[in-house]
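Report on one structure; see the data block that follows.
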Amino acid sequence: MTGTTDITELLLSRIRDVADHPEPGVVFKDITPLLADPAAFTVLTDALAEVARETGATKVVGLEARGFILGAPVALRAGLGFIPVRKAGKLPGATLGQAYDLEYGSAEIEVHAEDLDAGDRVLVVDDVLATGGTAEASLELIRRAGAQVAGLAVLMELGFLGGRARLETALSGAPLKALLTV
């Protein structure tokens, strides 16, 4: 399975739509069938690891929580370190935090202060790009830690939510790679 069309078809075939989750009117994109299929999960990991190599990343950041599931094997496959970015209050020790606005309210993410430095080029990995709020906050957090943003890679972009446009300034020319756009 080497063709882009074949990869796209395989990945799409393993993503399940769940109507009205987590609330009425929302169609949730469930990636658990993809994760349960070792062939599909391997294809996904390989594709994202290739993005890491293409961007010259030295570390991979995974965004809580599904970004951990995808980012850790990507980092391992690409021979890079993995850094979790977590919700505020979940990491022990000294952290850097970044607050951001949600549709209703706000949230904060954190990274261990010593995990990133000026020599790092960081690829952010997550499952879905929706509105881009969490991704935007992670890019700011990476820069505040002194590292460079190598890019953002996601399994799936929900194009109708406008996350790509929101991230254009925050990416500062770094690539945004979505394996699937729905």
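Heads up: numbering here begins at 1 and tracks the sequence. This one's a predicted model, so the numbers in the text were calculated from it and none came from an experiment. Values below: all heavy atoms of this structure, side chains included; hydrogens, waters and symmetry mates excluded.
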Partners meeting side chain to side chain contact (heavy atoms under 4.5 Å, CB included) with E136 (sequence neighbours left out): R166, L167, A170
Co-members of L91 in a cluster of I, L, V, M, F, W and Y side chains, linked at under 4.5 Å: none
With rounding to the nearest 0.5 angstrom, report the CG to CG distance, L152 to D126. 7.5 Å
Give me each pair satisfying salt bridge (Lys or Arg N to Asp or Glu O under 4.0 Å) with a member in residues 80-102, each pair once, sequence neighbours excluded. E64-R86
Within residues 173-182 or reaching into it, pairs that qualify as salt bridge (Lys or Arg N to Asp or Glu O under 4.0 Å) - sequence neighbours excluded: none
Is a side-chain N or O of H112 found less than 3.5 angstrom from the main chain of I83, in a donor-acceptor match? no
Applying side chain to side chain contact (heavy atoms under 4.5 Å, CB included), name anything that partners R16, two or more places apart in sequence or on another chain. V18, D30, T32, P33
Measuring only between side-chain heavy atoms, which start at C-beta, is F82 closer than 4.5 Å to P73? no
For L129, which of T181, L161, V154, L158 qualifies under side chain to side chain contact (heavy atoms under 4.5 Å, CB included)? V154
Any pair counted as ring pair (Phe, Tyr, Trp, His ring centres under 6.0 Å), so long as it reaches residues 10-34, sequence neighbours left out: H21-F28
Could you pull out all residues at least two apart from D17 that satisfy salt bridge (charged side-chain N to carboxylate O under 4.0 Å, His left out)? K29
Side chain to side chain donor-acceptor pair (under 3.5 Å) partners of residues 45-54, not counting sequence neighbours, each pair once: D46-R77, E50-R53
Look up atom CD1 in I69 and atom CG in L44, then write down how far apart they are to the nearest 0.5 Å. 11.0 Å
Which pairs count as salt bridge (Lys or Arg N to Asp or Glu O under 4.0 Å) when at least one residue sits in residues 154-163, sequence neighbours excluded? E157-R164
Report the residues that fulfil side chain to side chain contact (heavy atoms under 4.5 Å, CB included) with A40, sequence neighbours left out, ordered by chain and then residue number. L10, R14, L34, D37
Side chain to side chain contact (heavy atoms under 4.5 Å, CB included) partner of V85, chosen from I109, V124, I142: I109
Between L155 and the options L48, V128, I15, the side chain to side chain contact (heavy atoms under 4.5 Å, CB included) test singles out I15
Is there any salt bridge (Lys or Arg N to Asp or Glu O under 4.0 Å) pair reaching into residues 108-123, and which pairs are they, with sequence neighbours excluded? K59-D120
We want to know whether Y100 and T134 form a side-chain donor-acceptor pair, criterion being a heavy-atom distance below 3.5 angstrom. yes
Those residues at least two apart in sequence (or on a different chain) that pass side chain to side chain contact (heavy atoms under 4.5 Å, CB included) with R144 are L96, Q98, E140, L141
